[in-house]
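One structure is given here, and the rest of the page talks about it.
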Number of protein chains: 6
Amino acid sequence: MQKVAVFPGSFDPFTIGHENIVLRSLDLFDQVIVAIGIHSTKKPLLKIEARVEMVNWVFKSYEQVSADSFKGLTVDYCRKVKATHMLRGIRTSADFEYERAIAQINKKMLPTVESIFLLTSPEHTPINSTIIRDIIRNGGDASQFLPSGIDIKEYL
Amino acid sequence: MQKVAVFPGSFDPFTIGHENIVLRSLDLFDQVIVAIGIHSTKKPLLKIEARVEMVNWVFKSYEQVSADSFKGLTVDYCRKVKATHMLRGIRTSADFEYERAIAQINKKMLPTVESIFLLTSPEHTPINSTIIRDIIRNGGDASQFLPSGIDIKEYL
Amino acid sequence: MQKVAVFPGSFDPFTIGHENIVLRSLDLFDQVIVAIGIHSTKKPLLKIEARVEMVNWVFKSYEQVSADSFKGLTVDYCRKVKATHMLRGIRTSADFEYERAIAQINKKMLPTVESIFLLTSPEHTPINSTIIRDIIRNGGDASQFLPSGIDIKEYL
Amino acid sequence: MQKVAVFPGSFDPFTIGHENIVLRSLDLFDQVIVAIGIHSTKKPLLKIEARVEMVNWVFKSYEQVSADSFKGLTVDYCRKVKATHMLRGIRTSADFEYERAIAQINKKMLPTVESIFLLTSPEHTPINSTIIRDIIRNGGDASQFLPSGIDIKEYL
Amino acid sequence: MQKVAVFPGSFDPFTIGHENIVLRSLDLFDQVIVAIGIHSTKKPLLKIEARVEMVNWVFKSYEQVSADSFKGLTVDYCRKVKATHMLRGIRTSADFEYERAIAQINKKMLPTVESIFLLTSPEHTPINSTIIRDIIRNGGDASQFLPSGIDIKEYL
Amino acid sequence: MQKVAVFPGSFDPFTIGHENIVLRSLDLFDQVIVAIGIHSTKKPLLKIEARVEMVNWVFKSYEQVSADSFKGLTVDYCRKVKATHMLRGIRTSADFEYERAIAQINKKMLPTVESIFLLTSPEHTPINSTIIRDIIRNGGDASQFLPSGIDIKEYL
């Protein structure tokens, strides 16, 4: 059986913490799809296309990893790409409560797909996209929180 | 003394978890009012009237239970209906922190009304209205998370 | 139906926070039994008999309230005294996680008894028996954390 | 070395809990600046100018304390006023997770400024600006949650 | 590369929740070792040998799964059996904080072994070995919380 | 006014995380006393004298910092050394709940001493004495979690 993991999220932007989760999961899966959800309501920092492009650039040397975007429910996207697992990183206990609810509901709706969690590395724990987005919007230098080699201005 | 409990919330939509809380509280109170708060700012899935109608249908065999809507502060509504208690369910420790602040402030503003808490059943813990609303908005089937016999399409 | 609440705990010692929970629950129940569990393993500050005596003294003007001690499972004690409810106070989110597990397991073992929770008042939130016991053992003055009129030395 | 603390926040409105944090920090710092962040996206209850005026009035007898407003990143404001410390109050464990992420990111961006935390007094724990704002918007009396002598109507 | 997961714990006793975690992980690993840690200080309910026997019986039809006991550090045991992953279940946010510290320290001591987490199913969330042990010690019937077919008396 | 901070704890052993908290607090206080509490009940890894010696060695170049041991209540020790503040580090939200209770009780018993909190650096968050003690007891190498230059064997 091919093991296909969907790593769903907004990734606005994709941080060094997200990159770390993907890299640490490569042993477990034949394929990891970074699946960027499209939400019509939120006003994003980066356009969906820019986010897909950025993730593809980060993993350009990894055939196993690809980026995609999707509309609608994550479980429907998982069905479409024949995912066997969902992958998520957990940073804090606040994250945990939210992730648990989502994972348990997803399991009820699509019992064949198991959610797998990695915990972020200590140095990545404070890095979340909301804070990073705020730094970028206010003209701060967020490069230490982004994957190596990323110049966020190219994607804005 | 008549014991009148107000069960305040947005209930957008009213889930199987909410129903369970009401049913488990019936021994304690002479009357339970499911009180649906009107918030002008949030864009709801269901209209207030649809939510009142849905709750009334769910408890159609229970004379003790009724649904109502209200504008403004919950404590003012409690005064109006001569409530003796407020009823709330707690699902997670994230819920808990929020519920505690609200209950303690309400107690300061209306000391005669005591807030009583039930903890959701394990199988209902992941079910919260935000997630269910998201499923329905994306065309998913949320019927297993709603009270038995509810067809959400009739209320949209 | 008579409503009989069991308020189980170690109460070593019974604090002003415990007293407050009992007083705020009196509207809901015909009878409240403060049920002091006997644990052979823990080395207590106060003997079981002293704890029973102390709680009875605190509620000497309340016919509704009585103190008792019990060995074994709380659900077995509830069966014995024909309890309809269990009463518990929650102080913090750490408490919450523990109380939720206990309440859900109790519900599985004795579905007819519902667990009801009150949240401690803000000024009582930091008061837990472990800290108070530590103060007393080290010769500190804990009287502000105990029910009014209690001289702990009489019970040691 | 002059010790200059920036106490950043929205303070919409400044509550009795915020006042308490400032007063308890005065021993530690030569100067405390209550720094009110301007967010273009949120619709506030009080205008920035009214919030600055209100905080200045509260601390009119304290030369050490002043109010200011700022746009952009807190670390940039700290640089501008030559702050040596940031001051924050923590109420709950939900607050804690958020504050930790912010403090750790700020430390990465401006290592010379240390974040110092005080925990709110028990009686102020439930008081947060969101709840107080909701009370005021709905015509409730929030004066017990505001610094003594404040008539919120003068600032609306 | 063979994927070998160590599932470390006390398992005193092994519950239906532990069984569920193992079963849901079988897709990910070639081999899962339930590794029962020997702690000289704690007074267990079940002897180490009884716990190993019980786990082996539960998974008698699964060649992939075996039980073992070990003394000392989990990372040393992982080295010995050439583990590629550690497997853990998380039930609550209190669990989470503890698991995160352990996993991050283990990663520092043995960077080649990645810790993978599954979240317990909602119905298993309240089941922890401490509570189950307490039920059994007090003569209660814990069979609904144990793997199907287990008669705990045979292992005591 | 001299600012004297007591940093109370068991420090069994004193970790790199504790060292970091002390160093980051030096700007705030004229004197920092690492105050090692003696608990007759717990069986320690290191003797009290060894812990005092170790902390004194770590801060041998800092005149501001000293180590001491004490029996009894922390507030009594603070009175004895004329402390103006207590200093504590917080690692996780589980820590937070405990620290909040202790700090609020201490404030009730000794209102003149304010508790000040620093949050541990991300890389030190998983390091707690219980885990480190366990590593050392099992013959593991814990040197990366201890202050630079410490050979724990010299203190055992």
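Numbered from 1 within each chain, the chains take letters A, B, ... in sequence-line order.
- Between F:I135 and F:F145 the shortest heavy-atom distance is CD1-CE1, 4.0 Å.
- Residues A:F14 and A:V34 form a side-chain contact, since some pair of their non-hydrogen atoms from C-beta on lies under 4.5 Å apart.
- Taking every heavy atom of both residues into account, F:V6 and F:V81 meet most closely at CG2-CG2, 3.8 Å.
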Can you list the donor-acceptor atom pairs spanning chain A and chain F that come in under 3.5 angstrom?
residue : atom : partner : partner atom : Å
A:S93   : OG   : F:S93   : OG           : 3.2

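- Taking both residues in full, the closest heavy atoms of A:P122 and A:P126 are given as O-CD, 3.9 Å, listed atom of the first, atom of the second, then distance.
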- Is there a side-chain contact (heavy atoms from CB on, under 4.5 Å) between A:F59 and A:V22 once you walk through the steps? CA-CA 9 Å; A:F59 297 105; A:V22 170; 3.6 Å; yes
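- Residues A:I36 and A:V52 share a closest heavy-atom pair of CD1-N, 3.6 Å.
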